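Report on the following structure.
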Amino acid sequence: MAERVIILMTTSVRTRFAPSPTGDMHIGGVRTAIFSWLTAKRHDGLFFIRIEDTDQDRRVPGSCRRILETFDWLGIELDGGPDHASLQLMSSDEDYPGALEDGSSRGIPGSFIQSQRLPHYREWAEWLVANGCAYRANETPEELEHMRADVIARKEVWSFREEMRLRTDVDSSQPHVIRLRVNPRDGTTHLHDLVKGDVCFENANVDDTVLLKADGYPTYHLANVVDDHLQGVTHVIRGDDWLSSAPKHVLLYKYFGWEMPKFAHVPNVLGEDGRKLSKRHGATGVFEFRDQGYLPTAVINFLAMLGWAPGEGDEQNVFTIPELIEKFSEDHIGTSPAVFSYTKLDWLNGMHIRRLPPAELAQHLIPFAQKAGIALDTPERMERFLRAVPLIQERIKTLKDAAGLIDFMFTDIPPVTAASLIDKKMDQAASLKVLRETRELLAQLPDFDPTIMEQAMRQLAERLTVKPGALFTIVRNVVTGKSVTPPLFGTISVMGREMTLERLDRAIDVLNR
RNA sequence: GGCCCCAUCGUCUAGUGGCCUAGGACGAAGCCCUCUCAAGGCUUAAACUCGGGUUCGAAUCCCGAUGGGGUCACCA
C-alpha cells in the first residue's frame with residue numbers, strides 16, 4: 001500500500017489534446033479529447049491543449065476560440081492552453097474571454113500555440129541534421145509530383161528516399177526542407193500501443209518524411225514529438241489514423257534519445273452505415289449538439305462509452321463526471337471502431353436531465369424556451385416557468401423538447417372546435433354539462449393544489465356518472481388545446497385560475513352556439 | 001495496390017481456455033402501472049463472419065480466407 005502511494009506521487013501523468021484550428025470541433029475529436037482528459041484525471045495528472053497551426057493555408061480564423069469554447073461548454077478544465085496574449089498574437093487577433101490568464105500556470109512550458117514555437121523545431125531539426133539523422137533536400141513540389149507520377153505509373157510504391165534527391169549540394173541558406181533519414185533501412189520499428197498492443201513496421205515501408213518545411217514551419221511529425229517531449233507528455237492519445245505514421249515518431253524519439261511516451265491509438269467513430277462519421281449522418285460538430293439541447297455531461301458520458309466500458313462485470317451505463325474519472329481506464333478502450341448512435345445519446349440525455357435538480361434544469365432550459373418564443377420577461381411568467389419544469393422533467397429527451405410541452409401555459413391556444421370537445425362516448429349536451437360543472441367546481445375551489453383538485457374532479461366525475469379519464473380528457477383539450485400534456489392537475493395548478501376559467505368559458509361558448 | 005488496424009445481438013458493449021444453453025444497455029415487441037404522454041417495473045425476440053488447426057475443452061490461443069476501416073502530401 002505504501003508502495004502504491006509512492007508510485008502515485010512520483011508518476012505525474014500528463015496528456016494533451018492537439019487540435020488544428022481548421023473549424024469547429026468534430027464530435028470524434030471531442031471523444032479523443034475526453035479519453036485524454038479522463039486518462040490524466042484518472043491518475044490525478046494534468047491535461048492541456050495545444051494548437052497545431054503549422055499549416056498556415058488551412059487555418060480558419062476564429063477556430064481557436066471555438067476550441068476553447070468547446071472545453072468551456074463541456075466543463076473540462078484545462079491545465080494548460082493558449083492564454084489571452086498568445087491568442088492575440090495569432091494573425092487574426094482573436095481572443096476568448098475564457099482563455100487562460102497564464103497558459104503555463106501548472107508548470108507545463110508554453111507556448112501552447114505551435115506557430116509561436118518555431119525556434120524549437122528549427123533547433124531540433126538542425127540537431128538531427130548535425131547528428132546524421134536527417135538531411136536537407138530541395139526538390140520543388142512540382143518535381144516531386146513528377147517523380148511520384150513516374151513511380152505510380154510503373155505500379156511501384158512511392159516512397160521518398162535520400163538517394164532519390166535531384167540535387168545533393170543543398171545550400172542551407174536557400175529554401176529547402178529537412179527530411180527524416182530512416183535508418184537502418186532494413187529491420188523493423190516496433191511500437192507497443194496501449195489499445196492496439198504490439199505493432200510492427202518494416203522500415204523499408206517508412207519514407208523519409210519531411211520534418212521541416214521550406215517555409216520554416218515543422219510538419220506534424222516533428223512538432224508533435226518535440227512538443228510532447230518538451231511539455232512532458234506521458235500518454236499520447238490520438239486517433240487511429242495516426243497509427244501508420246507512428247513509426248516515424250518512434251524513430252524520432254530514438255534519434256533524440258528521449259524517453260518514449262505511452263501511445264494509445266483510439267479507433268474512429270463511424271456513422272450508422274459504417275462509414276467514417278460525417279455530416280450526412282447528422283450532427284457532427286459539438287456545437288450542433290449543444291444547440292440541439294444536449295447536456296454536456298450527457299455528451300461526455302455518451303462519448304466516453306463509445307469504445308470504452310468499465311469492464312470486469314460492471315454494467316453501469318449512466319455516469320457522473322466524477323464516476324467516470326474514478327472508473328476510467330485507458331487499457332479498457334476497445335480496439336474496434338464504434339458506430340455513433342443518436343438514439344442512445346437521446347436516452348442518455350434524458351437520464352441526465354432527470355438527474356438534475358429541477359432548479360438547475362430550469363437554468364439550462366431558459367435559453368431554449370426563449371428561443372422557442374416563450375417570453376419569460378416578467379417575474380410572474382418566470383415563476384410559472386419554474387413551476388412547470390418539474391412537470392416536464394421526465395418527459396423530455398433534449399432541452400429543445402421542453403417548449404412544445406408547456407407553450408400553452410404562456411401563449412394563446414387556438415380556438416377550440418365543437419367537434420374536438422365531444423368525447424366519443426358523449427354527445428354535445430353531455431360535454432357541455434361536464435364543462436359547466438367543471439367550471440363551477442374550479443371557480444369555487446379554494447385552493448389550486450393538484451391533489452385537492454384531482455380529488456374534487458374525481459368526485460365530480462362520479463356525480464356526473466362519467467369516467468374520470470373521459471372527464472380529464474375533455475378538460476385537457478379545453479384548457480391546454482392539446483391531447484398530450486404533462487399531468488393535468490399539475491398543469492392547471494401552474495396555469496392558475498384565471499387562465500383556466502377563461503379557456504373553459506370559451507369552450508362553453510362554442511358548445512352553446 | 002503496398003503497409004497497418006479491426007471483426008460478439010440492428011447499435012454500444014461484458015467476456016482474456018471450463019463459471020457461456022454468451023451477460024448488460026439502447027432500440028424493437030408485449031404486459032403492468034396510469035387522466036394523455038412520459039418515467040418506472042416485468043417479459044420476449046435478437047450475436048460469437050467463415051474455414052482450418054492447438055486443446056480433454058475455444059467467443060476466448062494460432063493460421064488462412066472474407067469483409068470493413070485507416071494510411072501512403074513541404075495536411076494535421
Side-chain angles (χ1 to χ4, degrees), chain A residues 18-22 52-55 57-58 137-141 144-145 148 152 155-160 175-179 193 195-197 199-202 204-207 209-215 217-221 223-224 238-247 265 267-268 270 272 274-276 302 305-318 332 334-348 350-351 354 392-397 405 454 457-458 461 467-477 480 482-489:
Chain A
S20 45
T22 53
E52 311 231 318
D53 61 338
T54 54
D55 184 352
D57 295 340
R58 296 207 319 156
N138 65 0
E139 286 70 31
T140 66
L144 286 169
E145 198 41 61
R148 192 166 15 237
I152 289 169
K155 300 204 168 182
E156 287 169 22
V157 179
W158 163 256
S159 184
F160 193 92
H176 65 281
V177 302
I178 291 180
R179 283 181 182 271
D193 189 88
V195 346
K196 304 286 185 187
V199 187
C200 240
F201 299 86
E202 298 281 340
N205 294 320
V206 183
D207 72 334
T209 194
V210 170
L211 263 17
L212 198 69
K213 301 187 261 187
D215 62 5
Y217 281 81
T219 59
Y220 172 87
H221 309 295
N224 161 268
R238 50 165 38 160
D240 215 341
D241 39 350
W242 286 111
L243 189 56
S244 47
S245 47
H265 288 93
N268 272 127
L270 271 28
E272 252 129 20
R275 323 281 307 182
K276 200 169 176 179
F302 173 75
M305 288 202 308
L306 208 59
W308 172 84
E312 275 142 22
D314 188 335
E315 279 158 353
Q316 184 173 354
N317 283 286
V318 185
H332 271 92
T335 52
S336 51
V339 174
F340 191 101
S341 161
Y342 292 89
T343 53
K344 192 157 188 177
L345 207 212
D346 279 348
W347 170 76
L348 251 183
M351 292 301 281
R354 267 166 257 146
I392 57 170
Q393 183 155 20
E394 61 187 31
R395 294 179 167 71
I396 57 175
K397 282 185 153 48
L405 287 178
E454 177 168 357
M457 288 289 282
R458 283 187 187 279
K467 292 207 164 170
L471 206 210
F472 299 164
T473 299
I474 274 201
V475 174
R476 181 193 324 277
N477 276 318
T480 69
K482 297 180 183 222
S483 54
V484 176
T485 70
L488 222 212
F489 303 106

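Keep in mind that the numbers below use all heavy atoms, side chains included, and drop hydrogens, waters and symmetry copies. Values in this document were obtained by computation on a predicted structure and should not be read as measured data.
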Problem set entry | Per-nucleotide protein contact string for nucleotides 64-73 of chain B (B base, S sugar-phosphate only, - none; heavy atom under 4.0 Å) | -----SSSSS
Problem set entry | Proximity to the side chain of Val339(A) - top-ranked nucleotide from rU11(B), rC75(B), rC3(B) | rU11(B)
Exercise. Given rG15(B), rC3(B), rC74(B), which nucleotide is nearest the side-chain atoms of Ala214(A)?
Worked result: rC74(B)
Exercise. Who does rU54(B) pair with, Watson-Crick or G-U, both distances under 3.5 Å?
Worked result: none
For this session: Report the nucleotide, chosen from rC5(B), rA76(B), rU13(B), that has the shortest atom-to-atom distance to any side-chain atom of Ala338(A).
Result: rU13(B)
Exercise. Partners of Trp242(A) by ring pair (Phe, Tyr, Trp, His ring centres under 6.0 Å), sequence neighbours excluded?
Worked result: Tyr220(A)
For this session: Do nucleotides 27-40 of chain B as a string where each nucleotide becomes B, S or -: B if the base has a protein heavy atom under 4.0 Å, S if just the sugar-phosphate does, - if no protein is that close.
Result: --------BBBBSS
Exercise. At their closest point, which heavy atom of Asn477(A) faces which heavy atom of Lys482(A), and how far apart are they?
Worked result: OD1-O, 3.2 Å
Problem set entry | Partner set under side-chain contact (heavy atoms from CB on, under 4.5 Å) for Val318(A), not counting sequence neighbours | Asn301(A), Trp347(A), Leu348(A), Met351(A), His352(A), Arg355(A)
Seminar exercise, completed: The ring pair (Phe, Tyr, Trp, His ring centres under 6.0 Å) partners of His176(A) (sequence neighbours excluded) come to none
Exercise. Listed by chain and number, what are the ring pair (Phe, Tyr, Trp, His ring centres under 6.0 Å) partners of Phe302(A), not counting sequence neighbours?
Worked result: Phe340(A)
For this session: Rounded to the nearest angstrom, tell me the gap between atom CG in Leu211(A) and atom C1' in rC74(B).
Result: 11 Å
Exercise. Given rG2(B), is OP1 or OP2 found less than 4.0 Å from the side-chain N or O atoms of Lys155(A)?
Worked result: no
